[in-house]
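Shown next, in structure tokens, is the structure this report addresses.
Excluded from the calculations below are hydrogen atoms, water molecules and symmetry mates; all remaining heavy atoms, backbone and side chain alike, are included.
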Amino acid sequence: MSETKQTHSFDISGMHCASCASTIKRKLEKLDGVQECVVNYGTDKAKFTFDPDKVNVKHMNNEIQKFGYEL
């Protein structure tokens, strides 16, 4: 069974500090299908590696919107 991986970078709004970046990273890495998430507070960007068969960008965005952030 082969796993499809995609990597995308996104701007993130709503971050105010490094703790925000850490929260986003923790929440997204808990989602089934997200293999890696790197969030940079200094650039307001995030880079995700994920399996599009298990999770999509809309689902990831919905998850972080609960905490006041947005892709």
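- Here the closest non-hydrogen pair linking Lys47 and Ser9 is CG-OG, 3.7 Å.
- Transitive grouping of hydrophobic side chains (ILVMFWY, heavy atoms separated by less than 4.5 Å) brings Val34 and Phe67 into a common cluster.
- Distance check, rounded to the nearest 0.5 Å: CG of Asn56 to CG of Leu31 gives 10.0 Å.
- Within the model, atoms CG of Asn62 and CD of Glu70 stand 9.5 Å from one another, a figure rounded to the nearest 0.5 Å.
- Every pair passing salt bridge (Lys or Arg N to Asp or Glu O under 4.0 Å) that includes a residue from residues 26-35 is listed here, sequence neighbours excluded: Lys25-Glu29.
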Subject >> Trace of the side-chain contact (heavy atoms from CB on, under 4.5 Å) decision for Tyr69 with Leu28 >> reply: CA-CA 12 Å; Tyr69 312 114; Leu28 291 179; over 6 Å; no
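- The shortest side-chain heavy-atom distance between Leu71 and Asp11 does not fall under the 4.5 Å cut-off.
- Atoms OH and OG, from Tyr41 and Ser19 in turn, are 11.0 Å apart once rounded to the nearest 0.5 Å.
- Side-chain contact check for Val57 versus Phe10: some heavy-atom pair is nearer than 4.5 Å.
- For the atom pair NE2 (His59) and CD1 (Ile64), the distance works out to 11.5 Å, reported to the nearest 0.5 Å.
- Remark: Lys54 NZ to Gln35 CD distance equals 7.5 Å, nearest 0.5 Å.
- Looking at every heavy atom in both residues, Phe48 comes nearest to Cys37 through CE2-SG, 3.2 Å.
- Among all heavy-atom pairs drawn from Ile24 and Met15, the shortest one is CD1-CG, 3.6 Å.
- Interatomic distance, Ile12 CD1 to Asp44 CG, rounded to the nearest 0.5 Å: 8.0 Å.
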